[in-house]
Amino acid sequence: MKYWLLKSEPDTFGIDHLAALPDQQAPWDGVRNYQARNFLRDELKAGDQAFFYHSSCKVPGIAGIVDISANGQPEKAASQPESPLYDEKHSEETPRWFEVQVKLKTRFAQVIPLQALKQDSALSDMALLNRSRLSVQPVSAEEWQHILANYPH
DNA sequence: GCCAACGTTGGC
DNA sequence: GCCAACGTTGGC
């Protein structure tokens with residue numbers, strides 16, 4: 001089982017939105033970057049876990065943990081003309097975009113701020129701190145455990 | 001295949 | 001709101 005980090009803008013879809021859903025589960029869709037798409041399509045697997053990261057907001061940082069509850073599938077919204085995610089070059093038969101299902105595991109009482117992670121030499125190789133604009137990215141087991149063990153949440 | 005123009009991400 | 005980083009598009 002692997003660990004990941006998923007970015008979302010809390011004004012659009014934050015951890016509180018996920019928590020408010022009846023089954024606290026949702027498709028992780030709208031990813032329109034090919035490297036991130038490849039992770040969704042090929043690498044994220046049911047049983048994996050991911051940090052839910054809040055970007056483009058007052059305090060960017062890790063807001064909680066989700067379980068990946070289904071492997072990558074063709075993105076449904078991209079097939080629906082009425083959806084803002086609609087892409088005419090995408091179809092279920094020849095998919096361009098993919099989604100996984102995520103289910104809320106833990107909503108942190110306090111966000112672990114990006115600002116703190118940036119100052120941690122143990123995390124200097126983290127993709128979050130070195131790969132700008134990648135909205136789906138791997139987290140090593142060491143990084144995952146280090147963050148949970150060393151930052152109040 | 002190169003590269004300039006352009007658009008998006010995301011921290012500050 | 002600004003701007004750095006960087007991915008995408010399209011002319012040539």
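Within every chain, numbering begins at 1; the chains are lettered A, B, ... in the order of the sequence lines, protein sequences first and strands thereafter. Side-chain atoms are counted along with the backbone in the values below, which use heavy atoms only and exclude waters and symmetry mates.
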Mind calculating the distance between [atom1] ([X]) and [atom2] ([N]) to the nearest angstrom?
X	N	atom1	atom2	result
Gln137(A)	dT9(B)	CD	P	15 Å
Glu9(A)	dG11(B)	CD	P	9 Å
Gln115(A)	dC12(B)	CD	P	7 Å
Leu114(A)	dG11(B)	CG	P	6 Å
Tyr34(A)	dT8(B)	OH	P	14 Å
Leu134(A)	dA5(C)	CG	C1'	13 Å
Arg37(A)	dG7(C)	CZ	C1'	14 Å
Asp11(A)	dG10(B)	CG	C1'	13 Å

Handout entry: Nearest-0.5 Å distance that lies between atom CD in Glu99(A) and atom CD in Glu75(A)
Key =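 Going from CD on Glu99(A) over to CD on Glu75(A), the span is 5.5 Å.
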
Counting only side-chain heavy atoms from C-beta out, which of [options] sits nearest to [X]?
X	options	value
Ser56(A)	dC12(B), dG7(C), dG10(B)	dG10(B)
Tyr53(A)	dG10(B), dG11(B), dT8(C)	dG11(B)
Ser55(A)	dA5(C), dG11(B), dC12(B)	dG11(B)

Practice task
Evaluate the ring planes of Phe13(A) and His17(A), with Trp represented by its six-membered ring, and classify them as parallel (under 30°), tilted (30 to 60°) or perpendicular (over 60°).
Solution key: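 If you compare the ring of Phe13(A) with that of His17(A), the planes turn out parallel.
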
Practice task
Using only side-chain N and O atoms of Lys7(A), determine if any of them is under 4.0 Å from OP1 or OP2 of dT9(B).
Solution key: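 Result: no.
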
Exercise for the section: Indicate the atoms forming the closest heavy-atom contact of Val59(A) with Pro113(A), along with that distance. Expected result: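 Nearest pair, atom of Val59(A) first, then Pro113(A): CG1-CB, 4.0 Å.
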
Handout entry: Salt bridge present between Asp87(A) and Arg32(A) (N-O < 4.0 angstrom)
Key = no

